Amino acid sequence: MKNTPISMEELHQLRSKYAQERDRRTRADGARQYLPASGEFGYYAKDPYTPRAEREPKTDQVEALVIGAGFGGLLSAGFLRGEGLDSIRLMDEAGDVGGTWYWNRYPGIHCDIESYVYMPLLEETGYIPTRRYAPGEEIRQHAMRIAHHYGLYDDFVPHTRATSLEWDENALEWVVDTDRGDHFRARFVITSSGTLTQPKLPGIPGIETFRGHTFHTSRWDYAYTGGTADGELTGLADKRVAVVGTGATGLQVVPHLAESARELFVFQRTPSTVDVRDNRDTDPEWAESLKPGWQQERMDNFLRVLSGAEVDEVLVQDGWTATTTLQRHILSGSVDDSLSDDDREIRDELDDAAAMNRLRARVDEVVHDRATAEALKPWYRYMCKRPGFSDHYLQAFNRPSVHLIDTADHQGITAMTDTSVVVGDETYEVDCIIFATGFETGVSGVVSGALAVAGRGGQQLLHAWAQGPRTLHGFFTHGFPNLFQIGAIHNANSVNFVHILQEQARHISSIISRAKAEGALWIEPSAEAEEEWVATVQETARDVSDFQARCTPSYYNAEGTQAITGFTYSPGPVAFHQLLDEWRGGDMSDVLVHHLGDRPSREAAFSGATSRILHDSQPRRSSLVPRVS
Ligand code: NDP
């Protein structure tokens, strides 16, 4: 089905329909409507997959600590190993590596980014994914493959949460404390603790009273449902099941629940867009034909297309590469500057409307019941919510045992009792409630304060960031030596987030390696370099507040309460990676590197006295010299 262009008059009608639908869903309590899966609700966040093993607290010293064993942490630790570091400790709250793919094992889980560009280090590890869009378990196994490949299990501490980092100015090391009683030292620390990690629950009145079975999709209870991630959930054959949430997770989980449950009630507040998925097995002949360097080339090509950069050929043809200009309102990348801002905005809005009309028509085509089809139609612009893809989700509503319960008029589920879910005047008796309600934002890593960080002079990181994050390139902060962050602040993003993580990991590991080669004991950005980068991010930021204000609520716009802007480098990942590449090729003079034997006095360190990396063949004993910027 192709997009059909629409007129300006139709666009005006659509705008008012979108505004009505946004208003219908916007709640005064915004992000406060959710409950964290902790305290009374801590059960929802427990690890159902790996028993926690007792161990002695660590009190030793390592060269590098990597916090977070998802792809960001694995790639960082792996590249550090590749740079010759022996002593690397990898830590995670989970029972094994994999991050998001460790926790999310729900039936139907797949990655909807093409596996040949999403799964990192395929050539390095000699692996070819079985399918165009790989199942979650295959991706999790691949994370484990990377850990084995780089020997990262040698010092992996699972089920451990770092609780504080404190810079020891005398030893020039971080002192690390954890919730397992560890108290050890690390020369370098990299945090890569994810962006969407803590399950959240809707704050529905009475949620605590439900006496049936209940869990969150990121902690799937196969002991109750039976079956595997491929379905066959035999334990649900005699059960009335409720699933709450129709985001990217809901889309993947509903088809299997629909197949297995006696009755399924899908509680929807805002429908997702559901485009064609078109998954298929990897063609062995194609895999055979791949030449060395193919994966980086494919990843770069995908990133360029999504970022609006030129390519000779679009190597990945899918729902993401077909909608690149529509993504620009949320994701960074270059915009078409042959048009004025106003003309470009109108053109994009018309394209957006045509794409959304096609997706709404797809619902009519697939879903037989008219009222159900109407309720499944998304009324907002394409990037107001995370786009969805499935060839089985809409089809599930054609089963007589599957009921769509639209809650939009009530801004969500009204109440829960010990045996039921209530929406308005209707009560639905169920045996089990599964929450596909997503994750808290801004709660992971150093940003949330969950990991207290005290840098030079005992300065708290969040205190240093009181007026907003301060970094050079998003990775490190003045006053917090040898501490690097992987994540989404002050750098560029894209839908293939693992590619973004890979570039970040490469960058950080090469800085650490360079510092070590230079005999540096610590490294941090100068205050001026940091200042300049913060200003660059702010000056180049695209104003998306109008777009976000017109959107239905979601975590993209803080549930309709504010525009989330100014945190990423708007020119996009291609420009950003080039900038990093050039920076690495330079003398890194905007980074303070203190050399062995140059240990400055406390005062000197505070006042920012610096030395530069030396590029000549002299012995590395320079005295502190003023930084040349
Ligand atoms: P989301 O936050 O995207 O969705 C949560 C769902 O719960 C929404 O449909 C929301 O409705 C609904 N909800 C929340 N509160 C209530 C309530 N009180 N009553 C009824 N419904 C409610 O979480 P997901 O887990 O689906 O996805 C999170 C992210 O994970 C995605 O954005 C994506 O980045 C990633 N993901 C990626 C996948 C991939 O293949 N790469 C697959 C799955 C997830 P409403 O929309 O109205 O708020």
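Given the structure is predicted, the values throughout are model-derived calculations rather than measurements. Counting starts at 1 for both ligands and their atoms, in listed order.
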Handout entry: ligand 1 versus P202: contacting region, heavy-atom distance under 4.0 Å
Key = side chain

Practice task
Start with the C-alpha distance between Y116 and W286, add both sets of side-chain angles, then the distance that settles ring-ring contact (aromatic ring centres under 6.0 Å, His included), and finish with yes or no.
Solution key: CA-CA 12 Å; Y116 319 122; W286 171 79; 4.6 Å; yes

Practice task
Flag the pair Y224 / H213 as yes when their ring centroid distance falls below 6.0 Å, and as no otherwise.
Solution key: yes

Completion exercise
One finds that the ligand 1 atoms under 4.0 Å from a non-hydrogen atom of F439 are 25 (O)

Problem - Top protein contact for atom 47 (O) of ligand 1, by heavy-atom distance - result: T270 OG1, 2.6 Å

Problem - Option whose closest heavy atom lies nearest to atom 14 (C) of ligand 1, chosen from E559, H110, R269 - result: R269

Handout entry: Row check, W379 ring normal vs R360 NZ/CZ: under 6.0 Å, within 45°
Key = yes

Exercise for the section: Verify side-chain contact (heavy atoms from CB on, under 4.5 Å) between I139 and C111, making sure each step is shown before the conclusion. Expected result: CA-CA 8 Å; I139 303 173; C111 182; 3.5 Å; yes

Practice task
Could you list which atoms of ligand 1 come closer than 4.0 Å to a heavy atom of V244?
Solution key: 20 (C), 21 (N)

Handout entry: F439 ring center within less than 6.0 Å of Y555 ring center
Key = no

Practice task
Verify, without hydrogens or angle tests, whether T228 (side chain) and D230 (backbone) share a donor-acceptor contact under 3.5 angstrom.
Solution key: yes

Exercise for the section: Step through it carefully: locate the ring centre of Y102, locate the ring centre of Y49, and say whether they are under 6.0 Å apart. Expected result: yes

Exercise for the section: For this output row, return yes or no: ring centroids of F215 and F435 closer than 6.0 angstrom. Expected result: no

Exercise for the section: Please report the C-alpha distance between D391 and R277 in whole Å, then the side-chain angles of each, then the deciding distance to 0.1 Å, and finally whether the salt bridge (Lys or Arg N to Asp or Glu O under 4.0 Å) criterion is met. Expected result: CA-CA 6 Å; D391 295 338; R277 172 71 173 266; over 6 Å; no

Practice task
Can you sort out which atoms of ligand 1 are near D112, meaning under 4.0 Å from one of its heavy atoms?
Solution key: 39 (C), 40 (O), 41 (N)

Handout entry: Close approach, Y118 and ligand 1, non-hydrogen under 4.0 angstrom
Key = no

Practice task
Assess whether ring-ring contact (aromatic ring centres under 6.0 Å, His included) is satisfied between F576 and Y569, documenting all intermediate values.
Solution key: CA-CA 7 Å; F576 183 61; Y569 180 61; 5.8 Å; yes

Exercise for the section: Number the atoms of ligand 1 from 1 as they appear, then name those within less than 4.0 Å of a heavy atom of G412, with their elements. Expected result: 19 (N)

Fill in the blank from the handout: Restricting to heavy atoms, the pick from G247, G560, G388, A436 nearest atom 5 (C) of ligand 1 would be A436

Practice task
Please find out if less than 6.0 Å separates the ring center of F265 from that of H403.
Solution key: yes

Practice task
Would you check if L35 and P202 make a side-chain contact, meaning some heavy-atom pair closer than 4.5 Å?
Solution key: no

Practice task
Answer yes or no: does an N/O atom from A248 fall short of 3.5 Å to an N/O atom of ligand 1?
Solution key: yes

Handout entry: Partner of E263 by salt bridge (charged side-chain N to carboxylate O under 4.0 Å, His left out), out of R240, R399, K239
Key = R240

Problem - Identity and separation of the nearest protein heavy atom to atom 8 (C) of ligand 1 - result: T246 N, 4.0 Å

Practice task
Around atom 23 (O) of ligand 1, find the nearest protein heavy atom and jot down its residue, atom name and distance.
Solution key: G438 CA, 3.1 Å

Exercise for the section: Give the numbers and elements of all ligand 1 atoms closer than 4.0 Å to a heavy atom of Y34. Expected result: 14 (C), 15 (N), 48 (O)

Handout entry: atom 25 (O) of ligand 1 [closest protein heavy-atom partner, distance rounded to 0.1 Å]
Key = T249 OG1, 2.6 Å

Exercise for the section: Could you establish whether R25 and ligand 1 come within less than 4.0 Å of each other, counting only heavy atoms on the residue side? Expected result: no

Handout entry: Identity and separation of the nearest protein heavy atom to atom 30 (O) of ligand 1
Key = L196 CD1, 4.2 Å

Handout entry: Side chain, backbone, both or neither: Q252 near ligand 1, heavy atoms under 4.0 Å
Key = side chain

Practice task
Enumerate the atoms of ligand 1 whose separation from the nearest heavy atom of G245 is less than 4.0 angstrom.
Solution key: 6 (C), 7 (O), 9 (O), 12 (C)

Exercise for the section: Distance to 0.1 Å, residue and atom name: give those for the protein heavy atom nearest to atom 33 (C) of ligand 1. Expected result: R386 NE, 3.4 Å

Exercise for the section: Would you confirm whether any non-hydrogen atom of the protein falls under 4.0 Å from atom 37 (C) of ligand 1? Expected result: yes

Exercise for the section: Please confirm whether I413 comes under 4.0 Å of ligand 1, counting heavy atoms of the residue only. Expected result: yes

Practice task
Work out whether the distance between some heavy atom of C111 and some atom of ligand 1 is less than 4.0 Å.
Solution key: yes

Practice task
For atom 31 (C) of ligand 1, state which one of Y380, Y555, F435 supplies the nearest heavy atom.
Solution key: Y555

Problem - Cationic tip of R381 above Y18 ring, under 6.0 Å, 45° of axis - result: no

Practice task
Assess K385 for proximity to ligand 1: is some non-hydrogen atom of it under 4.0 Å away?
Solution key: yes

Exercise for the section: Would you please determine whether Q268 falls within less than 4.0 Å of ligand 1 on a heavy-atom basis? Expected result: no

Practice task
Taking only heavy atoms of Y106 into account, list the atoms of ligand 1 that are under 4.0 Å away from them.
Solution key: 42 (C), 43 (C)

Exercise for the section: Examine F389 together with Y393 and report whether their ring centres are nearer than 6.0 Å. Expected result: no

